[in-house]
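We count ligands from 1, going down the list as the structure has it; atoms in each ligand are counted the same way.
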Amino acid sequence: MEFLNVALPKGRLGEKVYAMFEKAGFECPSIKENNRKLIFENEERMVRYFWVKPSDVAIYVERGAADIGVAGKDILLEYEPDIYELLDLNIGKCRMAVAAPKGFKDNKKKTLKVATKFSNIAKDYYTKMGRDIDIIHLNGSIEIAPILGLSDVIVDIVETGTTLKENNLEVIETIVPISARFIANKTSFKFKGEQIEKLVNELSNQIEVEND
Ligand code: PRP
């Protein structure tokens with residue numbers, strides 16, 4: 001059997017994901033040693049984990065550097081990587097939304113200035129609405145753009161809503177709900193299908209679906 005290479009998103013979501021994989025029988029005790037190492041393997045289970053930037057997981061998986069990984073639906077919608085999306089893990093839940101300063105009124109005669117890290121999601125959304133927009137692509141701290149007059153609205157991730165509130169912004173439209181997805185490289189799915197299917201089955205049993 002070959003090693004199963006797993007790209008995990010660095011951070012709090014990644015810790016949760018690893019706990020699920022561990023429970024699924026793909027444990028790797030060395031990962032818990034608290035150091036700056038980024039690659040860990042367990043030969044007994046033939047599994048190898050890498051910590052990568054959450055927004056890079058899909059790139060590793062698409063190119064086969066990782067066989068599988070966990071990525072946010074936001075990243076999958078934005079970059080449309082050529083991968084299989086096998087499971088909604090129902091964690092890391094948030095939503096993609098349009099937000100604006102409180103009391104904002106859209107003047108439909110004018111091009112709407114939209115600041116975002118998610119240019120493709122924003123473009124798709126407004127194209128479907130038939131609304132003319134001007135995208136201002138930023139890499140972070142999107143919330144300041146409308147405050148400084150750089151944009152009219154923002155398209156960004158909203159989890160608790162605290163960041164918006166603290167900056168006097170509010171959600172005006174929800175675009176799409178977001179959660180963490182289990183993804184696989186297409187070729188790996190062929191050649192390591194048995195290992196991947198086993199993991200998918202074990203993980204499905206752990207997924208909590210609440211009635212909402
Ligand atoms: C996201 C998003 C908001 C924040 C929303 O940023 O861009 O800034 O979370 O969360 P809240 O609704 O709970 O306040 P993230 O922390 O993912 O990092 P970023 O600054 O790189 O966008």
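- Under the 4.5 Å side-chain criterion, counting only non-hydrogen atoms from C-beta, L169 is in contact with P146.
- Evaluation of the ring pair (Phe, Tyr, Trp, His ring centres under 6.0 Å) rule for F50 yields no partner, not counting sequence neighbours.
- When the shell of 6.0 Å around NZ of K190 is examined, it contains 12 or fewer heavy atoms from other residues, nucleotides or ligands.
- Comment: E15 does not engage K32 in a salt bridge, judged by the lack of any side-chain N to carboxylate O separation of less than 4.0 angstrom.
- Scanning for side chain to side chain donor-acceptor pair (under 3.5 Å) contacts around D82 gives K186, with sequence neighbours left out.
- Checked against salt bridge (charged side-chain N to carboxylate O under 4.0 Å, His left out), K117 has no partners two or more places apart in sequence or in another chain.
- For ligand 1, the 4.0 Å heavy-atom shell takes in K117, E143, D156, I157, V158, E159, T160, G161, T162, T163, ordered by chain and residue number.
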